[in-house]
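For reference, the structure is listed below as structure tokens.
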Amino acid sequence: MERTTIVVYGASSPKAEDVFSSSAYELGTLLAGAGKTIVTGAGSTGLMASVENGALQAGGTAIGIIPQFMIDNGWLHQGLTRVITTETMHQRKERMAQMADAVIALPGGTGTFEELFEVITWKMLGIFVKPIVILNTDGYYDPMFAMLDRAVERHFMSSRFTGLWAVADTPQQALELLDTLPDWDCSESKI
């Protein structure tokens, strides 16, 4: 199944190591080259800006969704193809999920974790059924995967829910997964 609108979550921190920003930029370039539209949180710094810049500089479309207070603080990327303004963070995340044909999570901090875990939870509940790809650049998410394995081992999560996401080690692998992963079978969404 071809997926054309890809939501990308990622860090806004401008202090991330180059290995992460380079990977994000490459992902944006690859997505644009494949004719994908990216949807981000519209940030002007960090991995969010790197993926946006990669897509835009490759001639792609980058849509940003951002609450007004973030624009007021000067955090809006000024070169985006289109900007959608919301009143709240919750509206931002909901709109991103509504637009998504798939989600890719880049490395990040608590904001990225929160977005990723929320969409995983929505998928578990059958609210969101599209593919979720975690780009595990430089093994960044390995501790999180260990924690999720522990949640299964300790019976806080069913092992079937580890199929809610796929893991890519490179931007190219993330791109390849987008059109090969099926939507989640909601009949599996039983806690």
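Because only heavy atoms are used, hydrogens play no part in the values below, and waters and symmetry mates are left out as well, while side chains stay in.
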>> Between Lys36 and Asp179, does any side-chain N to carboxylate O distance fall below 4.0 Å?
In response: yes

> Closest heavy-atom contact between Asp101 and Pro131?
Replying inline: O-CD, 3.6 Å

>> Under a 3.5 Å cutoff, is there a donor and acceptor pairing between the side chains of Ser50 and Ser21?
In response: no

>> Can a donor-acceptor pair be found, under 3.5 Å and without considering hydrogens, that links the side chain of Lys123 to the backbone of Lys130?
In response: yes

>> Salt bridge check, Glu87 against Arg92: does any charged N sit closer than 4.0 Å to a carboxylate O?
In response: no

>> Tyr140: which residues meet the ring pair (Phe, Tyr, Trp, His ring centres under 6.0 Å) condition with it, sequence neighbours left out?
In response: Phe20

>> Side-chain heavy atoms nearer than 4.5 Å, only ILVMFWY residues, links allowed to pass through others: does that put Trp75 and Ile65 together?
In response: no

> More than 12 non-hydrogen atoms from neighbouring residues, nucleotides or ligands closer than 6.0 Å to CD on Gln91, yes or no?
Replying inline: yes

> Between Ala58 and Ala32, what is the shortest heavy-atom contact and its length?
Replying inline: CB-CB, 3.8 Å

> Just how far is it from atom CZ of Arg3 to atom CG of Leu31, taken to the nearest 0.5 Å?
Replying inline: 13.5 Å

> Tell me, which pairs form a ring pair (Phe, Tyr, Trp, His ring centres under 6.0 Å) where one or both residues lie in residues 25-72, sequence neighbours left out?
Replying inline: none

> Is there a donor-acceptor pair closer than 3.5 Å between any side-chain N or O of Thr85 and the backbone N or O of Gln68?
Replying inline: no

>> I'd like to know if Lys93 and Glu118 make a salt bridge, using a cut-off of under 4.0 Å between side-chain N and carboxylate O.
In response: yes

